[in-house]
Amino acid sequence: MTWHLGRWAAFDTETTGVDVEADRIVTAAVYGLGGAQPVEPHDWFVDPGIEIPEGATAVHGITTEEAQTKGEPAKGAVDHIADVLVEYAMTGSTVVGHNVVYDLTLLDRELRRYRLPTVDERLGDWPMYVVDTRVLDKHADTFRRRPSKTQGPQQLITLAQVYDLPWDDDNAHGASYDAVIAARVAHRIGTLAHMTREDWPERIRQVKRPRYRDFNGLSIPDLHAAQIEWAAEQAAGLQAHFRKTDPNAVVDGSWPLRPWVEPSTEGAPA
């Protein structure tokens, strides 16, 4: 079976911000999809325990008051999210998401915050394979330009447009919607990888130096390993671009999880 036809655990979060070290989960979704099995939806609405900034509310529409009223306590929620992801991984599913390194790292920090076992600790020696549509798409279509000043070349809405998937602005930036769209993008990319160029849609045939065929015939473990290299290459390229104006710019290319650094105790009271 080719890698895009197996069982997915589609994962996404909506949060209080973009800092994986400090921000918190507000909603999360893990959807079991594909593999000729029924859809299995898992959704969480979480009280993050901190104020939700107006900027974050503008993205996902959830206010602090709503999260406090309707959300479950964060400790129990993140514990359950981790358990569900691990169960899928240990039964052969592949975790899929868009820029999923963000979601996996944020979940890791939430678990550490509440002194709960991390996903890696729960897995033990069992592997968890990941497919990241942002990494795959960037590798396949490296030279795509921004569709507009406000829309990036690898945003999820852009990928939906490129791969001819419907996009609903009212549901976008909801964890369940974004998780499912990411899985559908991954399936489209995998389908293209296993087609001849002559059979590609016109939009894809016009791509400058496409590399979809790099994904052809790979096993899930091989695809996972390749994404580690591609993510590092992409980060290095972005860092070089940023350093044209900021010599100290750093872009972390770790994937699929940013490394944990123990907080410094230097200067702390004895």
Chemist: For the pair His4 and Ile189, evaluate side-chain contact (heavy atoms from CB on, under 4.5 Å) and give the outcome as yes or no after the intermediate values.
Modeler: CA-CA 8 Å; His4 67 298; Ile189 291 174; over 6 Å; no
Chemist: Can a salt bridge be assigned to the pair Asp108 and Arg112 using a cut-off of 4.0 Å between side-chain N and carboxylate O?
Modeler: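 Yes.
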Chemist: Apply side chain to side chain donor-acceptor pair (under 3.5 Å) to the pair Asp199 and Thr196, showing each step before the final yes or no.
Modeler: CA-CA 5 Å; Asp199 291 330; Thr196 64; 3.0 Å; yes
Chemist: If I take atom CG from residue Asp132 and atom CG from residue Asp103, how far apart are they, to the nearest 0.5 angstrom?
Modeler: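 Interatomic distance, Asp132 CG to Asp103 CG, rounded to 0.5 Å: 9.0 Å.
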Chemist: Ring-plane angle category for Trp255 and His224, please: parallel below 30°, perpendicular beyond 60°, tilted otherwise.
Modeler: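 Plane angle between 30° and 60°, so tilted.
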Chemist: Within the structure provided, determine whether Tyr129 and Leu223 are in side-chain contact (heavy-atom separation under 4.5 Å).
Modeler: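 SC-SC contact between Tyr129 and Leu223 ruled out.
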Chemist: Can you tell me if Glu14 and Thr27 form a side-chain donor-acceptor pair at under 3.5 Å?
Modeler: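 No.
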Chemist: Identify whether Val84 and Val39 are in the same connected component of the hydrophobic contact network (ILVMFWY, side-chain heavy atoms under 4.5 Å).
Modeler: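 Yes, because Val84 and Val39 connect within a single hydrophobic cluster, where side-chain heavy atoms sit under 4.5 Å apart.
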Chemist: If you measure from the Lys or Arg side-chain nitrogens to the Asp or Glu carboxylate oxygens, is any gap between Arg122 and Asp83 under 4.0 Å?
Modeler: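 Counted as a salt bridge, because a side-chain N and a carboxylate O are separated by less than 4.0 Å.
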Chemist: Does Glu66 offer a backbone N or O that forms a donor-acceptor pair with the side chain of Thr69 under 3.5 Å?
Modeler: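 Not confirmed, Thr69 side chain does not pair with Glu66 backbone.
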Chemist: Does atom CD of Glu51 have more than 12 heavy-atom neighbours from other groups under 6.0 Å away?
Modeler: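 No, not enclosed.
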Chemist: One pair to check against side chain to side chain donor-acceptor pair (under 3.5 Å): Thr133 and His98. What are the steps and the verdict?
Modeler: CA-CA 5 Å; Thr133 51; His98 187 69; 2.8 Å; yes
Chemist: With a 4.5 Å cut-off on side-chain heavy-atom distances among I, L, V, M, F, W and Y, is there a chain of contacts connecting Leu238 to Ile228?
Modeler: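 Each belongs to a different hydrophobic cluster.
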Chemist: To the nearest 0.5 Å, tell me how far Arg144 CZ sits from Thr158 OG1.
Modeler: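 Spacing of CZ (Arg144) from OG1 (Thr158) equals 7.0 Å.
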Chemist: So, does Asp222 use its side chain to make a donor-acceptor pair with the main chain of Leu218 at under 3.5 Å?
Modeler: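 No: the side chain of Asp222 does not pair with the backbone of Leu218.
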Chemist: Would Leu5 and Val130 show up in the same hydrophobic cluster when neighbours are defined by side-chain heavy atoms closer than 4.5 Å?
Modeler: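 No, Leu5 and Val130 fall in different hydrophobic clusters.
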Chemist: With hydrophobic residues grouped by side-chain heavy-atom distances under 4.5 Å, do Trp126 and Leu85 end up in a single group?
Modeler: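 As far as the 4.5 Å side-chain criterion goes, Leu85 and Trp126 are connected within one cluster.
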Chemist: Dump the intermediate steps for side-chain contact (heavy atoms from CB on, under 4.5 Å) on Val101 and Leu257, then the final yes or no.
Modeler: CA-CA 5 Å; Val101 62; Leu257 185 72; 5.6 Å; no
Chemist: Quick check on Asp164: does its CG atom have over 12 non-hydrogen neighbours (other residues, nucleotides or ligands) under 6.0 Å away?
Modeler: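 Counting other residues, nucleotides and ligands, CG of Asp164 stays at 12 neighbours or fewer.
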Chemist: For Asp137 and Tyr163, does a side-chain donor sit closer than 3.5 Å to a side-chain acceptor?
Modeler: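 Tyr163 and Asp137 do have a side-chain donor-acceptor pair below 3.5 Å.
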Chemist: Find the distance between CG (Leu33) and OG (Ser93) and round it off to the nearest 0.5 Å.
Modeler: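 Output value for this atom pair is 9.5 Å.
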Chemist: Got Arg24 and Thr15 here, is their nearest side-chain heavy-atom distance under 4.5 Å?
Modeler: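 Counting from C-beta outward, Arg24 and Thr15 never come under 4.5 Å.
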Chemist: How about His80 and His42: are their ring centroids closer than 6.0 Å?
Modeler: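 No.
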Chemist: What are the two closest heavy atoms between Ala186 and Val96, and how far apart are they?
Modeler: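 Closest pair (atom of Ala186, atom of Val96, distance): CB-CG2, 3.8 Å.
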Chemist: Applying a strict under-4.5 Å side-chain criterion to I, L, V, M, F, W and Y, I'd like to know whether Val26 and Leu106 cluster together.
Modeler: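 No; tracing contacts between hydrophobic side chains, which count when under 4.5 Å, never links both residues.
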Chemist: Under 3.5 Å, is there a donor-acceptor pair between the side chain of Asp12 and the main chain of Ala29?
Modeler: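 A pair under 3.5 Å: no.
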Chemist: Nearest 0.5 Å please: distance from the CG atom of Leu123 over to the OG1 atom of Thr118.
Modeler: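 Interatomic distance, Leu123 CG to Thr118 OG1, rounded to 0.5 Å: 8.0 Å.
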Chemist: Of all the heavy-atom pairs spanning Val251 and Gln239, show the shortest one and how long it is.
Modeler: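 Taking every non-hydrogen atom into account, N-OE1, 2.9 Å.
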Chemist: Give a yes or no answer on whether the side chain of Gln227 reaches the backbone of Leu136 with a donor-acceptor pair at less than 3.5 Å.
Modeler: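 Here the side-chain-to-backbone pair does not exist.
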Chemist: Is a side-chain donor or acceptor of Asn216 paired with a backbone partner of Ala193 at a separation under 3.5 angstrom?
Modeler: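 Indeed, once roles are kept as given, a pair shorter than 3.5 Å links the two residues.
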Chemist: Are any of the side-chain heavy atoms of Val131 and Val95 separated by less than 4.5 Å?
Modeler: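 SC-SC contact between Val131 and Val95 ruled out.
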Chemist: Is the shortest heavy-atom distance from the side chain of Val162 to the side chain of Ile204 under 4.5 Å?
Modeler: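 Of all side-chain heavy-atom pairs linking Ile204 with Val162, at least one is under 4.5 Å.
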Chemist: Looking only at heavy atoms, what is the nearest atom pair of Asp170 and Asp168, with distance?
Modeler: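 So the two residues come closest at N-OD1, 2.9 Å.
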Chemist: So which atom in Tyr114 and which in Ala74 form the shortest heavy-atom distance, rounded to 0.1 Å?
Modeler: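 Answer, listing the atom of Tyr114 first, then Ala74: OH-CB, 3.3 Å.
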Chemist: Could you walk me through whether Arg7 and Glu40 satisfy the salt bridge (charged side-chain N to carboxylate O under 4.0 Å, His left out) test, starting with their C-alpha distance in whole Å, then the side-chain angles of each, then the deciding distance to 0.1 Å, before giving a yes or no?
Modeler: CA-CA 11 Å; Arg7 186 67 166 167; Glu40 296 175 337; 3.4 Å; yes
Chemist: CG of Leu107 to CG of Asp79: how many Å apart, nearest 0.5 Å?
Modeler: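 Between Leu107 CG and Asp79 CG, I get 10.0 Å after rounding to 0.5 Å.
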Chemist: Could you report the tightest heavy-atom contact between Trp167 and Ala172, atom names first, then the distance?
Modeler: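 Residues Trp167 and Ala172, closest heavy atoms: CZ2-CB, 3.2 Å.
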Chemist: Which ring-ring contact (aromatic ring centres under 6.0 Å, His included) pairs, counting each pair once, include a residue from residues 131-150, with sequence neighbours left out?
Modeler: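 Listed once each, the pairs are His139-Phe215, His139-Trp230.
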Chemist: Strictly below 4.0 Å, N to O, side chains only: are Lys208 and Asp141 in salt-bridge contact?
Modeler: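 No, Lys208 and Asp141 are not salt-bridged.
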Chemist: Counting N and O atoms only, with roles assigned by atom type, does the side chain of Arg188 sit under 3.5 Å from a partner on the main chain of Leu159, one being a donor and the other an acceptor?
Modeler: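 Absent.
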Chemist: Report yes if some heavy atom in the side chain of Pro201 is under 4.5 Å from a heavy atom in the side chain of Leu192; otherwise report no.
Modeler: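 A side-chain contact under 4.5 Å exists here.
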Chemist: State the OG1-CZ distance between Thr191 and Arg184, to the nearest 0.5 angstrom.
Modeler: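 It comes to 11.5 Å.
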Chemist: Compare every heavy atom of Ser254 with every heavy atom of Pro259, then report the nearest pair and how far apart it is.
Modeler: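 For Pro259 versus Ser254, the nearest heavy atoms are CD-OG, 3.3 Å.
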Chemist: Whether the Gln161 and Gln151 side chains hold a donor-acceptor pair (N or O, under 3.5 Å, no angle test) is what I'd like checked.
Modeler: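 Side chains of Gln161 and Gln151: pair found under 3.5 Å.
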Chemist: Is the closest side-chain heavy-atom distance between Asp47 and Pro73 below 4.5 Å?
Modeler: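 Side chain of Asp47 against side chain of Pro73, heavy atoms only: no contact under 4.5 Å found.
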Chemist: Quick check: does any side chain N or O of Thr105 sit under 3.5 Å from a backbone N or O of Arg258, one acting as donor and the other as acceptor?
Modeler: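 Yes, because the side chain of Thr105 sits within donor-acceptor range (under 3.5 Å) of the backbone of Arg258.
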Chemist: Mind checking whether Tyr212 and Trp200 have ring centres under 6.0 Å apart?
Modeler: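 Ring-ring flag for Tyr212/Trp200: true, centres closer than 6.0 Å.
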Chemist: Is the distance from the ring center of Trp3 to that of His187 below 6.0 Å?
Modeler: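 For Trp3 and His187, the ring centres are not under 6.0 Å apart.
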Chemist: Answer yes when Arg113 and Glu21 have at least one side-chain N-carboxylate O distance shorter than 4.0 Å, and no when they do not.
Modeler: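 Answer for the salt bridge query: no.
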Chemist: Assess whether atom CD of Gln155 is packed by more than 12 heavy atoms of other residues, nucleotides or ligands within 6.0 Å.
Modeler: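 Yes, because the 6.0 Å sphere around CD of Gln155 holds more than 12 heavy atoms from other groups.
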Chemist: Pair Met128, Leu104 - check side-chain contact (heavy atoms from CB on, under 4.5 Å), show working.
Modeler: CA-CA 11 Å; Met128 185 172 78; Leu104 290 172; 4.0 Å; yes
Chemist: Is there a side-chain contact between Val119 and Val86 in this structure, where contact means two heavy atoms from C-beta onward sitting under 4.5 Å apart?
Modeler: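 Yes. Closest side-chain heavy atoms under 4.5 Å.
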Chemist: Does any part of the side chain of Ile25, heavy atoms only, come nearer than 4.5 Å to the side chain of Trp44, both counted from C-beta?
Modeler: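 Counting from C-beta outward, Trp44 and Ile25 never come under 4.5 Å.
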